[in-house]
Chemist: 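The structure under discussion is supplied below as structure tokens; questions concerning it will follow.
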Amino acid sequence: MRHWPLTQLTLTTPELVLRVPDDDQLDELAQVATDGVVPPGTVYFPQPWASGTPEQTARNVLQNHWWARGDWREDNWRLLLAVLHDGQVIGQQNLSARDFRITREARTGFWLGRRFQGRGFGTQMRGAALHLAFTCLGADRITSTAYADNGASRRVSEKFDYEPNGIRRLAVGECLVEAREAVLTADRWRKKKQVPTLIQGFDECRDMFGVPLTPDPVDVVLHV
Ligand SMILES: CC(C)(COP(=O)(O)OP(=O)(O)OC[C@H]1O[C@@H](n2cnc3c(N)ncnc32)[C@H](O)[C@@H]1OP(=O)(O)O)[C@@H](O)C(=O)NCCC(=O)NCCS
């Protein structure tokens, strides 16, 4: 799409491709969510978008993408990427920030259809988002928030050497839930083993993130 340059952004890891979904891919993503994202009876997100009926869950996915596109601003953006494995949509990776030009801080979120979980994809997805954030956008810090009982999400952060950054108490329905935030600085990220990621099409959409042009435009960033 010529006038929405985010559609040219592609992140490629050894097993995955991450990109803004076209309409067919977005429909596939909604379908993946209908098969289940969280274990029955659990809520791993502040908005329980994946805890209703399959129809509600699918529409939540679609509306979330449309809202994020419609509400996109240089000083408040939410990049929602579909994750593809062997050409099949399997989940979603988010990278979002408010006032990034000043704060140089962004946050990630991610989910996979249940049948795709526990196969190392989440680690690659997060790794790709971290590459985009630290190498292309020039982030200083990336945060991730997970409920205390979300072992898989917290373990992915641990693998990238995040540090604890506080606990928040939330009400989910009638239940008290602890959300644990973790933070990864650019310095720590550089020292730790990284996921090889090829990033294409960033220069075309750089201005949408409110990031000034650097002297060396980055068409392709490859770190192995
Ligand atoms: C969170 C999620 C995206 C992670 O993706 P994934 O592909 O399952 O993650 P990976 O396989 O790359 O890595 C998961 C790690 O957590 C570990 N793990 C899994 N369940 C765990 C648990 N209950 N307690 C502790 N560690 C656990 C795995 O062993 C693995 O670590 P390892 O590589 O050292 O063996 C995926 O599980 C998911 O979609 N969960 C439901 C939605 C969700 O919770 N999203 C995040 C909200 S904060």
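Atoms within a ligand are numbered from 1 in the order they appear, just like the ligands themselves.
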Chemist: If you measure every N or O of V38 against every N or O of ligand 1, does any of those distances drop under 3.5 Å?
Modeler: no
Chemist: Pull out every atom of ligand 1 sitting under 4.0 Å from any heavy atom of F45, numbered as shown with elements.
Modeler: 42 (C), 43 (C), 45 (N), 47 (C)
Chemist: Applying salt bridge (charged side-chain N to carboxylate O under 4.0 Å, His left out) as the test, list every pair that has at least one member in residues 29-39; sequence neighbours left out.
Modeler: D35-R115
Chemist: Please report the closest heavy-atom contact between L112 and Q117, naming both atoms and the distance.
Modeler: O-NE2, 2.8 Å
Chemist: Just to confirm, does any protein heavy atom lie below 4.0 Å from atom 29 (O) of ligand 1?
Modeler: no
Chemist: Answer yes or no: is there a donor N or O on one side and an acceptor on the other, between the side chain of N60 and the main chain of Q56, under 3.5 Å?
Modeler: yes
Chemist: Quick one: does I142's side chain get under 4.5 Å of W189's, heavy atoms only?
Modeler: no
Chemist: Looking only at protein heavy atoms, which one is nearest to atom 46 (C) of ligand 1, and what is the separation?
Modeler: F110 O, 3.2 Å
Chemist: Using a strict cut-off of 4.0 Å, indicate which atoms of ligand 1 neighbour a heavy atom of Y44.
Modeler: 44 (O), 47 (C)
Chemist: Is the ring centre of F116 less than 6.0 Å from the ring centre of W111?
Modeler: no
Chemist: For atom 41 (C) of ligand 1, what's the nearest protein heavy-atom neighbour? Residue, atom name and distance, please.
Modeler: V37 O, 3.3 Å
Chemist: Would you mind listing which atoms of ligand 1 come within a distance below 4.0 Å of any non-hydrogen atom of T123?
Modeler: 10 (P), 12 (O), 13 (O)
Chemist: Under 3.5 Å between some N or O of ligand 1 and some N or O of N150?
Modeler: yes
Chemist: Output yes when the distance from some N or O of ligand 1 to some N or O of W111 is under 3.5 Å, and no in every other case.
Modeler: no
Chemist: Among Q124, R155, K159, M125, which residue places a heavy atom closest to atom 17 (C) of ligand 1?
Modeler: R155
Chemist: With heavy atoms of F121 as the reference, note each atom of ligand 1 found under 4.0 Å away.
Modeler: 7 (O), 12 (O)
Chemist: Using side-chain heavy atoms (C-beta onward) and a distance below 4.5 Å, is R126 in contact with T108?
Modeler: yes
Chemist: Contact between K191 and D161 at the side-chain level, heavy atoms closer than 4.5 Å - yes or no?
Modeler: no
Chemist: Taking the inter-plane angle between the rings of Y162 and F160 on a 0 to 90° scale, is it parallel (under 30°), tilted (30 to 60°) or perpendicular (over 60°)?
Modeler: perpendicular
Chemist: Starting from atom 39 (O) of ligand 1, which protein heavy atom do you reach first, and at what distance in Å?
Modeler: L112 N, 2.8 Å
Chemist: How far is atom 36 (C) of ligand 1 from the closest protein heavy atom, and which atom is that?
Modeler: Q117 CG, 3.8 Å
Chemist: Under 3.5 Å, N or O to N or O, is G118 touching ligand 1 that way?
Modeler: yes
Chemist: What do you reckon, is CZ of R168 surrounded by more than 12 foreign heavy atoms closer than 6.0 Å?
Modeler: no
Chemist: Less than 4.0 Å is my threshold; does some heavy atom of D149 fall inside it relative to ligand 1?
Modeler: no
Chemist: Backbone N or O of A148 within a donor-acceptor pair of the R154 side chain at under 3.5 Å?
Modeler: yes
Chemist: Nearest heavy atom to atom 4 (C) of ligand 1: which of G113, G122, G120, G109 does it belong to?
Modeler: G122
Chemist: Distance-only check: which donor-acceptor pairs under 3.5 Å involve side-chain atoms of residues 18-26, not counting sequence neighbours?
Modeler:
{"residue": "D22", "atom": "OD1", "partner": "D24", "partner atom": "N", "Å": "3.2"}
{"residue": "D22", "atom": "OD1", "partner": "Q25", "partner atom": "N", "Å": "2.8"}
{"residue": "Q25", "atom": "OE1", "partner": "D22", "partner atom": "N", "Å": "3.0"}

Chemist: If hydrogens are left out, which of G127, G151, S157, P39 has an atom nearest to atom 27 (C) of ligand 1, that is, the closest non-hydrogen atom?
Modeler: G151
Chemist: Measure T145 to ligand 1 on non-hydrogen atoms and call it side chain, backbone, both or neither using the 4.0 Å cut-off.
Modeler: backbone
Chemist: Can you confirm whether or not the ring centre of F121 sits under 6.0 Å from the ring centre of H85?
Modeler: yes
Chemist: Looking at atom 18 (N) of ligand 1, what's its closest protein heavy atom, distance included?
Modeler: A152 CA, 3.8 Å
